[in-house]
Amino acid sequence: MENLKTILQQASTDYYNGNPTMSDTAFDNLVEISGYDEVGHSSSNNRIPHLHQMYSLQKVFSNEIGSKDPFDNYKGSVVVSSKLDGAAVSLLYVKGTLHQALTRGDGEKGLDITDHMITLVPYKLDFDMISRQDFVQVTGEVVAPKTIKNARNYAAGALGLKDTEEFKTRDLHFIAYGMQESWNESWTDDLMFLAESGFSTVTASNWNEYPDDGLVFRIDSHKEFNKRGYTSHHPRGAYALKQIQEGVETTLMDVVWNVGKSGVVAPVAMLKPIEIDGAMISKATLHNMRYIVGLDLEIGCRVEVIRSGEIIPRIVSRAN
């Protein structure tokens, strides 16, 4: 913590001397992370900003890949890795030493889980790095073996435990898939560095023992990746390829109309309970009346249900 305080004080001095050495965004985030009165204040709702935003990935489904090219016919090197299905985490290293670990949260702020993660990840990065970069954010996935029922929820739930000793008894593994800011030319070089520092990395194995929900395609060159930039939700230099899900049949028992926070009235399907991917499903979104008419739905009919995005149940068709 003292290292971080010293760095922030120096950055503040440099700024007021007209020679800023850190971006305003990075400074503000580190101020909130530090919690020091001299340079800022701690988060009022226990959520702490990531040094760098954790973006989601654009989803491309297998039936779209022939007609949809997210990379616009890019000819350079593209790396393919498993899209592991667990709980995303960021790790902040200050001068090579682990300073803080956060849940993904909303991608901008997460909850402090440092005491837990220090039991899963290296405490220090490779020594040679320290002279190159004061701050490094490592991102990755905490995963549980697929032999555990509903492994994704098992991993996410473990991060919320209050007792670190209990957390240590859980069957969990951290697999890194990125770091910022990088001094390397490519993403694969980043992962090689992380592997040398003691991390498991997403490219080191296919990690078949852990659940996944597709493949990730990423432009390897940082220059080309950064040139494409970001939307408000995802980078343009990477995407997730997902398989079309097979639906599970059940009976539509009723439709109720709920008023959302925005005041929009939306229909919700009440279903005969079914199990999908380890979760019991009894409700599903129907979007609007046009969606109901388009699928020719009626009370008592058989319907096909998927968990859209592996989270939200959705009726996709009327079963024959």
Can you check whether [Y]'s main-chain N or O pairs, donor with acceptor, with [X]'s side chain at less than 3.5 Å?
X: Y291; Y: P267; answer: no
X: K242; Y: D213; answer: yes
X: K146; Y: N208; answer: yes
X: R104; Y: V89; answer: no
X: E141; Y: G86; answer: yes
X: H50; Y: T103; answer: yes
X: S200; Y: I175; answer: no
X: S186; Y: D220; answer: no

Any side-chain heavy-atom pair of [X] and [Y] under 4.5 Å:
X: I315; Y: L286; answer: yes
X: Y230; Y: Y55; answer: yes
X: E224; Y: F71; answer: no
X: Y177; Y: T201; answer: no
X: H234; Y: K59; answer: no
X: F174; Y: V142; answer: yes

- Query: So F199 and Y93, would you call those rings parallel, tilted or perpendicular, with 30° and 60° as cut-offs?
  - Reply: perpendicular

- Message: Students often mix this up, so state it plainly: with edges at 30° and 60°, are the rings of F193 and W183 parallel, tilted or perpendicular?
- Response: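 F193 vs W183 ring planes: perpendicular.
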
- Query: Just by distance, with hydrogens left out, do H116 and T164 show a side-chain donor and acceptor under 3.5 Å apart?
  - Reply: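 A donor-acceptor contact under 3.5 Å links the two side chains.
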
Looking only at heavy atoms, which two atoms of [X] and [Y] are closest? And how far apart?
X: N184; Y: H222; result: O-CD2, 3.2 Å
X: S56; Y: P235; result: O-CD, 3.3 Å
X: L194; Y: G178; result: CD1-O, 3.9 Å
X: A266; Y: H287; result: CB-O, 4.0 Å
X: L295; Y: V316; result: CD2-O, 3.6 Å
X: A144; Y: A155; result: N-CB, 4.3 Å

- Take R318 and L252 through the test side chain to side chain contact (heavy atoms under 4.5 Å, CB included) and record every step on the way to the result. CA-CA 10 Å; R318 178 169 175 162; L252 176 61; over 6 Å; no

- Begin from the C-alpha positions of D212 and S82 and carry the test side-chain hydrogen bond (donor to acceptor under 3.5 Å, both in side chains) through to its verdict. CA-CA 7 Å; D212 69 77; S82 294; 5.1 Å; no

- Message: Tell me whether the count of non-hydrogen atoms from other residues, nucleotides or ligands lying under 6.0 Å of CD in E209 goes above 12.
- Response: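 Atom CD in E209 is packed in, count exceeds 12.
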
- Query: Could R228 and Y74 be counted as a cation-pi pair, given that NZ or CZ must be under 6.0 Å from the ring centre and within 45° of the axis?
  - Reply: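 Pair R228/Y74 counts as cation-pi.
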
- Message: Is there a side chain to side chain contact (heavy atoms under 4.5 Å, CB included) between F167 and D115? Walk through the geometry before answering.
- Response: CA-CA 10 Å; F167 177 83; D115 289 345; over 6 Å; no

- Task: Report the C-alpha separation of T250 and R302 in whole Å, then their side-chain angles, then the decisive distance to 0.1 Å, and conclude whether the side-chain hydrogen bond (donor to acceptor under 3.5 Å, both in side chains) test is met.
- Result: CA-CA 6 Å; T250 188; R302 299 287 290 175; 4.9 Å; no

- Task: Kindly determine whether R47 and L111 satisfy side chain to side chain contact (heavy atoms under 4.5 Å, CB included), including the steps that lead there.
- Result: CA-CA 5 Å; R47 291 189 176 270; L111 297 174; 3.9 Å; yes

- What residue among T114, L120, L98 forms side-chain contact (heavy atoms from CB on, under 4.5 Å) with L91? L98

- side chain to side chain contact (heavy atoms under 4.5 Å, CB included) between V255 and I299, worked out: CA-CA 8 Å; V255 175; I299 305 302; 4.1 Å; yes

